[in-house]
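The block underneath contains the structure these notes are about, expressed in structure tokens.
Counting convention: from 1, in listed order, for ligands and their atoms alike.
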Amino acid sequence: MIETFDLVVIGSGSAAQAVASRCRKAGWTVAMIDKRPFGGTCALRGCDPKKVLVDAAAAVDAARLLAGKGVRPDGLAIDWPTLIRFKRTFTDPVPEHLTAKWARDGIVTFQTTARFVDPAHIEVGGTLLHATRAMVIAAGARPMDLAIEGHEHVITSDRFLDLPSLPPSLTLVGGGYISFEFAHVAARAGAKVTILHRDDRPLAEFDAGLVERLVSRTRALGVDVRLNADVRTIQPVDGRYRVMADGPGGSIVLDADVVVHGAGRVPDLDTLALDAGGVRHSRDGVAVNAYLQSVSNPLVYAAGDCADTDGPALTPVAGYEGRIVASNLIEGNHVTAGYDAIPSVVYTLPPLAGVGLREDEARAQGVSFVSHHENSSNWQSSRRVGETFSGFNVLVEPASGRILGAHLLGPRADETINLFALAIHLGVSADRFKEILWAYPTLGSDTAYMVS
Ligand SMILES: Cc1cc2nc3c(=O)[nH]c(=O)nc-3n(C[C@H](O)[C@H](O)[C@H](O)COP(=O)(O)OP(=O)(O)OC[C@H]3O[C@@H](n4cnc5c(N)ncnc54)[C@H](O)[C@@H]3O)c2cc1C
């Protein structure tokens, strides 16, 4: 059987939704396919459920930081099973809510794996879908394969976010943002946590000095952060797992109840049979031109985590690329993507955030800059919440006064970074930024002191 649509979209996350809804509004017939429950990573297995756990950990942390400063946190604790049930009140309704909405909008959904059979047809569970105007690959990312003996014993972030009970001890393989976020939540909830990172530079996309400070903060919390620790094997031993790694001083042997994959994600393209569709791709994703159109099959576009673009694998970027694809489909190729001033956050406690150029990038690009950096842990905004690890590094171009990059570690850095994103996006100079009368006393009002 063959069904014909103007547009066939693979995936149902942020990128897919942005394309499908716009093209449908423009009058196109649209089919949307997902092999997993509808809604995508962010809403079901990523940002949103993660933030529910982080905010609970933050509530506990806030009281503990003020112990002896006027707050008695006695007996305050994370009730993990209840927290996971609360988290499910955010995730469980999503697929049904979305499918009902798409049915009302006239988008036809297929819950199965999509596979190219030729450059214009996709097979979904025995039915062939023929796309007359376009096919959009918005298939997201998955945890990368680990070249570790015993990798099958590692659980993914999906499983961590839905653990019915908190294991007494956890080892996280890899030192990216997912590991640090999970470590901060699990440690606040009472687990013994270890992070093993293979080189000396975890969180490589963030300001090096602030990462060092966050690593110190993480260790002060009781998390065992091991750098230059390359995991080799994972073996089950007496109902637990023995993790063996090569470390700077020799072999590391650690036992943990659960081992979690935090070693990065790769485009999820394996099930798509892209070669049959004439869609060129690599380990970095679907190869696209500036309009996010496949370089080898003009009927195909790609957006989000699975597209080989300069955009970081983040939800706002997936939505942005989805909107670009929709514009190019509806009006013809005319919009290209730009990836300046995209804020990025590690939701640790305190959070680490950055937007724009880092020092090493500015140097590599030969951009001249002045760095305004400081340890701000003695500022009122940190002291009044008991936070002893905070700081910033803001880069300003001397000739123009333009803010080139801002990097923050500290209370609510995840919110404050948006002020800098706005300033960089609009080209607001440091002098103009300082003139703004921010509400006081807020974290926003601190920013004026970070650019001078
Ligand atoms: C634990 C975690 C925390 C995160 N936290 C944040 C955060 O705080 N902020 C942030 O901005 N980003 C965060 N991210 C990243 C963010 O979730 C992704 O960048 C974003 O969801 C990507 O959206 P997408 O539309 O590209 O793909 P996805 O939302 O991943 O959607 C792709 C969909 O395609 C489906 N699919 C794949 N192959 C096929 C096939 N062959 N047939 C049918 N369907 C298929 C998949 O099942 C999936 O549902 C996090 C990710 C994780 C894992």
Side-chain angles (χ1 to χ4, degrees), residues 8-20 31-55 87 91 94-95 98 109-116 122-125 129 135-144 155-162 172 174 176-182 185 205 260-274 276-277 279 285-286 292 302-309 311-323 325 342-348 351-353 414 417:
V8 175
V9 183
I10 301 166
S12 68
S14 311
Q17 291 178 35
V19 184
M32 196 182 226
I33 314 156
D34 205 306
K35 62 183 177 183
R36 302 188 69 178
F38 287 107
T41 302
C42 181
L44 299 176
R45 305 175 292 274
C47 342
D48 293 347
K50 182 244 339 249
K51 194 65 162 42
V52 176
L53 306 194
V54 170
D55 283 350
K87 180 225 71 170
T91 52
V94 170
L98 285 176
T109 52
F110 296 85
Q111 171 126 45
T112 183
T113 301
R115 194 174 61 84
F116 278 85
I122 284 170
E123 196 245 339
V124 285
L129 304 184
M135 292 184 279
V136 174
I137 304 172
R142 62 168 175 81
M144 69 186 290
I155 69 164
T156 61
S157 54
D158 298 5
R159 289 266 305 284
F160 175 86
L161 290 171
D162 209 33
L172 294 138
Y177 76 94
I178 293 178
S179 279
F180 272 81
E181 291 172 348
F182 288 2
V185 168
E205 307 78 34
V260 185
H261 189 312
R265 292 168 64 81
V266 292
D268 186 7
L269 302 175
D270 300 349
T271 54
L272 281 163
L274 292 177
V279 180
V286 175
L292 305 182
D305 286 7
C306 73
D308 183 2
T309 67
L314 293 171
T315 292
V317 175
Y320 168 65
E321 290 184 347
R323 294 192 295 277
V325 168
I342 295 170
S344 183
V345 175
V346 186
Y347 291 93
T348 42
L352 171 66
D414 52 332
I417 200 67

Which residue and non-hydrogen atom of the protein lie closest to [atom], and at what distance in Å?
{"atom": "atom 6 (C) of ligand 1", "value": "C47 SG, 3.4 Å"}
{"atom": "atom 24 (P) of ligand 1", "value": "A318 CB, 4.0 Å"}
{"atom": "atom 44 (N) of ligand 1", "value": "K35 N, 3.0 Å"}
{"atom": "atom 19 (O) of ligand 1", "value": "D305 OD1, 2.9 Å"}
{"atom": "atom 20 (C) of ligand 1", "value": "T315 OG1, 3.7 Å"}
{"atom": "atom 47 (O) of ligand 1", "value": "D34 OD1, 2.7 Å"}
{"atom": "atom 2 (C) of ligand 1", "value": "G46 CA, 3.5 Å"}
{"atom": "atom 28 (P) of ligand 1", "value": "T41 OG1, 3.5 Å"}

Just jot down the ligand 1 atoms closer than 4.0 angstrom to any heavy atom of [X], in number order.
{"X": "A15", "value": "25 (O)"}
{"X": "G13", "value": "25 (O), 29 (O), 31 (O)"}
{"X": "A313", "value": "15 (C), 19 (O)"}
{"X": "I178", "value": "1 (C), 2 (C), 52 (C), 53 (C)"}
{"X": "R36", "value": "47 (O)"}
{"X": "L272", "value": "41 (N)"}
{"X": "G304", "value": "26 (O)"}
{"X": "L314", "value": "10 (C), 11 (O), 12 (N), 19 (O)"}

Assess whether side chain to side chain contact (heavy atoms under 4.5 Å, CB included) is satisfied between R36 and R45, documenting all intermediate values. CA-CA 11 Å; R36 302 188 69 178; R45 305 175 292 274; 3.2 Å; yes

Which heavy atom of [X] sits nearest to which heavy atom of [Y], and what is that distance?
{"X": "T109", "Y": "F38", "result": "CB-CZ, 3.6 Å"}
{"X": "F116", "Y": "A276", "result": "O-CB, 3.5 Å"}
{"X": "A353", "Y": "V345", "result": "CB-CG2, 4.0 Å"}
{"X": "G319", "Y": "A18", "result": "O-CB, 3.7 Å"}
{"X": "D305", "Y": "P267", "result": "O-CG, 3.9 Å"}

Give a yes/no verdict on whether any heavy atom in L44 is under 4.0 Å from an atom of ligand 1. no

Any heavy atom of Y177 sitting closer than 4.0 Å to ligand 1? yes

To atom 5 (N) of ligand 1, the nearest of Q17, K50, R265 on a heavy-atom basis is K50

Check: of A138, P49, P316, P343, min heavy-atom distance to atom 32 (C) of ligand 1 comes from A138

Keeping H261 on the side-chain end and M144 on the backbone end, is there a donor-acceptor pair under 3.5 Å? yes

Report the residues that fulfil side chain to side chain donor-acceptor pair (under 3.5 Å) with S179, sequence neighbours left out, ordered by chain and then residue number. none

Partner of F182 by side chain to side chain contact (heavy atoms under 4.5 Å, CB included), out of L53, T348, L161: L161

Evaluate S12 for polar contact with ligand 1, using N/O atom pairs at a separation under 3.5 Å. no

Hey, is ligand 1 close enough to S14 that some N/O pair sits below 3.5 Å? yes

Look at D48 together with K87 and state whether they make a salt bridge at an N to O cut-off of under 4.0 Å. no

With heavy atoms and a 4.0 Å threshold, my read on which part of V317 contacts ligand 1 is neither

Got a second to check how far L352's CG is from Y347's OH, nearest 0.5 Å? 11.5 Å

Measure the spacing between CD of E321 and OG of S14 and express it to the nearest 0.5 Å. 11.0 Å

Go through the steps to decide whether D158 and R142 satisfy the test salt bridge (charged side-chain N to carboxylate O under 4.0 Å, His left out), and finish with yes or no. CA-CA 10 Å; D158 298 5; R142 62 168 175 81; over 6 Å; no

Hey, are S12 and Q17 close enough side-chain-wise for a donor-acceptor pair under 3.5 Å? no

